[in-house]
**Q** 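Below you'll find the structure I mean.
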Amino acid sequence: MSTAHYPARVRLVDVSPRDGLQNEPQPVPAAVKIELVHRLQAAGLQEIEVTSYVSPKWVPQMADNHEVMQGITRRPGVRYAVLTPNLKGFEAALQDRPDEIVVFGAASEAFSQKNINCSIAESIERFAPVVEAARQAGIAVRGAMSCTVGCPYEGDVPPERVGMLARLMKDIGVQRVDVADTIGVGTPLKVQRAIEATLAHFDIDHISGHFHDTYGQALANTLAALQMGVWNFQSSVAGLGGCPYAKGATGNVATEDVVYLLHGLGIDTGIDLEALADTGAWISERLGRPTGSRAGRALLARRAAAMGGC
Ligand code: HMG
Ligand code: MG
C-alpha cells in the first residue's frame, strides 16, 4: 500500500493550555499551565495555543493570561498563539507579544451569539481592526471557524455557511483558518465538505483541522482531512478540552492519538510520543482524572508492564 497521497509532514498546534483548560470546573494554577507549555515544547511541539484574552466574566479560567504568557520560557522556533475576540483583547495580548493571534467566529449565527455575544456580521466588523493591528505589528493572524459541521443550537450546518465565513475571514486579511468541529458531531464526508467549501478561499497550506471528539470521530476526520492534503491540525494533549458555550461537547482529539496515527502512516511530526504521553499523564494527574488519550494510556501501560517484567 502506498502513502503517496498523504502529506510527508504535519504540523500540530497543541491547544490544551487554552481549549483544554478553559472549561475546567476548578481553577488551574498559572504555574501548572506554564509547566504544561514547557513540557509540550520539550516533547517537540512547535506550535502551542497558550491562552485567550477574553472577558474573565465569560471565561474565568483564562483570567491569568498575562501571568501565563509572561511566565513561559520561549523556545526559538516555537510559535505561541493566543485568542483575541476584539481590540480590547488584542491590546492586552500585545503586551505579551504572541507570535500569532486567533480571531474566532462561527458558521452558525446562534453559536456566534452565545459564544461572543454578536452576530457573524458584527464579529467580522470587530475582527477587522484586530487583524489590521496585528498584521501591522508583525503578528500572524489565524481565524478559527466554529461549528463548521454542526451547532449545539442550530443542528446541521451546511458547507455554504462555512464558505461564507471563510470568504469574510479572507476579506479582512486573516492568513489561515481552522475548520473546527466544535461539538464533535462531524463524520469524514461532512468534514471533507466543510474543508472543500473553505478551499474556495484559502489554499490547502492555510487550512487546519480542529476536531473535538464527542462522538469518537475525530481521528477518522483527521484521516479524511489528511487525504485531502491538509497538513495542519489542532489537538489537545490527554484529549483535554471543550467550549463553555457548547455544553456536552468533549475535548479535542488527543495529541498523543494523532501523533500515533501520523507516525504509523510514516508522517513526520518532530514530536517525541513517549514524552508527550508523559505530559498527558502529568496534566491528567494535576486535574485528578485519567488521561483521555487512548494511545497515551496504552503506551504507559506497555511501559509499566515492561518495567514489571524486569
Ligand atoms: P460583551 O459582553 O459583548 O463585551 O462580550 P462588551 O464589549 O459589551 O464589554 C462588556 C464587558 O466585558 C466590559 O467590562 C468590557 O471591558 C469587557 P465591564 O465594563 O462590564 O467591566 N471586555 C473584556 N474584558 C477582557 N478581555 C476582553 C474584553 N472584551 C470586553 N477581550 C466578549 C464580548 C467577546 C468579550 C465575550 O463574549 C467573551 O469574552 N467571550 C469569550 C468566549 C470564549 O472565550 N469562548 C471560548 C473560546 S472559542 C472556542 O473554544 C472555539 C474554538 O476552540 C474552535 C472550536 O472548537 O470551535 C476556538
Ligand atoms: Mg475548540
Side-chain angles (χ1 to χ4, degrees), residues 13-41 45 47-74 78-106 111-118 123 126-127 130 134 139-146 178 180 182-183 210 212 234-247 249-252 255 279 283-284 286-289:
V13 185
D14 192 289
V15 297
S16 60
R18 196 280 303 168
D19 205 340
L21 298 179
Q22 70 182 7
N23 205 24
E24 276 301 308
Q26 78 276 29
V28 178
V32 170
K33 297 175 182 175
I34 292 165
E35 185 166 349
L36 176 59
V37 171
H38 289 164
R39 285 176 180 257
L40 289 170
Q41 60 193 18
L45 265 301
E47 296 196 38
I48 302 172
E49 205 168 271
V50 180
T51 186
S52 60
Y53 295 79
V54 297
S55 162
K57 286 184 193 144
W58 285 62
V59 184
Q61 278 290 3
M62 296 289 109
D64 56 4
N65 42 33
H66 289 300
E67 192 181 349
V68 174
M69 275 298 276
Q70 288 169 20
I72 58 179
T73 304
R74 295 194 188 194
V78 176
R79 177 181 278 214
Y80 302 91
V82 302
L83 265 57
T84 58
N86 52 19
L87 265 181
K88 188 178 170 81
F90 175 73
E91 277 153 17
L94 198 54
Q95 297 167 36
D96 302 329
R97 293 300 309 179
D99 300 302
E100 184 178 55
I101 58 114
V102 184
V103 290
F104 49 104
F111 188 77
S112 180
Q113 288 289 353
K114 297 273 187 196
N115 195 41
I116 51 175
N117 206 25
C118 63
S123 74
R126 285 184 194 176
F127 299 156
V130 174
I139 298 173
V141 178
R142 176 151 55 87
M145 304 195 296
S146 288
D178 311 331
T182 312
I183 54 171
H210 177 116
H212 286 261
Q234 286 138 30
S235 57
S236 186
V237 77
L240 299 178
C243 175
Y245 300 99
K247 293 279 173 262
T250 64
N252 296 83
T255 308
T279 302
I283 187 65
S284 300
R286 299 277 91 61
L287 300 175
R289 58 170 180 266

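For clarity, every value in this text was computed on a predicted model and none was experimentally measured.
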**Q** Say you draw a straight line from CD of E100 to CZ of R79; how long is it, rounded to the nearest 0.5 Å?
**A**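 If we round to the nearest 0.5 Å, E100:CD and R79:CZ are 4.5 Å apart.
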
**Q** Which is it for V237 and L36 under the side chain to side chain contact (heavy atoms under 4.5 Å, CB included) test, yes or no, and what are the steps along the way?
**A** CA-CA 10 Å; V237 77; L36 176 59; 4.0 Å; yes

**Q** Taking the side chain as every heavy atom from C-beta outward, state whether V82 and N65 have any pair of such atoms under 4.5 Å apart.
**A**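 Side chain of V82 against side chain of N65, heavy atoms only: no contact under 4.5 Å found.
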
**Q** Under 3.5 Å, is there a donor-acceptor pair linking the side chains of N23 and Q61?
**A** no

**Q** Please check if the side chain of D178 supplies one atom and the backbone of A180 the other of a donor-acceptor pair under 3.5 Å.
**A**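 Absent.
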
**Q** If I compare all heavy atoms of R126 with all of P85, which pair ends up nearest, and what's the gap?
**A**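 The answer is CB-O, 4.4 Å.
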
**Q** Go through the steps to decide whether S16 and T255 satisfy the test side chain to side chain contact (heavy atoms under 4.5 Å, CB included), and finish with yes or no.
**A** CA-CA 9 Å; S16 60; T255 308; over 6 Å; no

**Q** Nearest 0.5 angstrom please: F104 CZ to H210 NE2, how far?
**A** 11.5 Å

**Q** Is there side-chain contact between M69 and P98, with at least one heavy-atom pair below 4.5 Å?
**A** yes

**Q** When you check the side-chain N and O atoms of S236 and D19, is any donor under 3.5 Å from an acceptor?
**A** no

**Q** Is there side-chain contact between L240 and L287, with heavy atoms separated by less than 4.5 Å?
**A**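 Sidechains of L287 and L240: in contact.
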
**Q** Would the distance check show the side chain of N252 and the main-chain N or O of G239 forming a donor-acceptor pair, the cut-off being under 3.5 Å?
**A**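 Side chain of N252 to backbone of G239, a donor-acceptor pair under 3.5 Å: no, none is there.
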
**Q** Begin from the C-alpha positions of E24 and R289 and carry the test salt bridge (Lys or Arg N to Asp or Glu O under 4.0 Å) through to its verdict.
**A** CA-CA 12 Å; E24 276 301 308; R289 58 170 180 266; 2.5 Å; yes

**Q** Are side-chain heavy atoms of L45 and V78 found at a separation under 4.5 Å?
**A**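 No. Closest side-chain heavy atoms not under 4.5 Å.
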
**Q** Return yes if some donor-acceptor pair links the side-chain N/O of D64 with the main-chain N/O of E67 below 3.5 Å, else return no.
**A** no

**Q** Distance from T51 atom OG1 to D96 atom CG, nearest 0.5 Å?
**A** 9.0 Å

**Q** Applying side-chain hydrogen bond (donor to acceptor under 3.5 Å, both in side chains) between E35 and each of K33, R39, H38, report the one that passes.
**A** R39

**Q** Measuring only between side-chain heavy atoms, which start at C-beta, is N117 closer than 4.5 Å to Y245?
**A** no

**Q** What is the distance from atom CG of D99 to atom CD1 of I139, rounded to the nearest 0.5 Å?
**A** 8.5 Å

**Q** Rounded to the nearest 0.5 Å, what separation is found between the NZ atom of K114 and the CD1 atom of I116?
**A**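 Going from the NZ atom of K114 to the CD1 atom of I116 covers 14.0 Å.
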
**Q** For the pair S112 (side chain) and C118 (backbone), establish whether a donor and an acceptor sit closer than 3.5 Å, ignoring hydrogens and angles.
**A** yes

**Q** Run the side chain to side chain donor-acceptor pair (under 3.5 Å) check on Y80 and Q41 step by step: do they pass?
**A** CA-CA 10 Å; Y80 302 91; Q41 60 193 18; 2.5 Å; yes

**Q** Side chains of I48 and V13: closer than 4.5 Å at any heavy-atom pair?
**A**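 No, too far: nothing below the 4.5 Å cut-off.
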
**Q** Could you go through the side chain to side chain contact (heavy atoms under 4.5 Å, CB included) check for R97 and L94 one step at a time?
**A** CA-CA 5 Å; R97 293 300 309 179; L94 198 54; 3.8 Å; yes

**Q** Looking at side-chain heavy atoms only, is the closest gap between E49 and L83 below 4.5 Å?
**A** yes

**Q** Using 30° and 60° as the class boundaries, would you call the ring planes of H66 and Y53 parallel, tilted or perpendicular?
**A**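 It falls in the perpendicular class, over 60°.
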
**Q** Does a salt bridge link R142 with E47, judged by any charged N lying under 4.0 Å from a carboxylate O?
**A** no

**Q** Hey, are the side chains of E91 and T84 touching, using non-hydrogen atoms and a 4.5 Å cut-off?
**A**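 Contact flag for E91/T84 side chains = no.
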
**Q** Supply the atom-to-atom distance I101 CD1 to F127 CZ, rounded to the nearest 0.5 angstrom.
**A**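 Separation between the atoms: 9.5 Å.
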
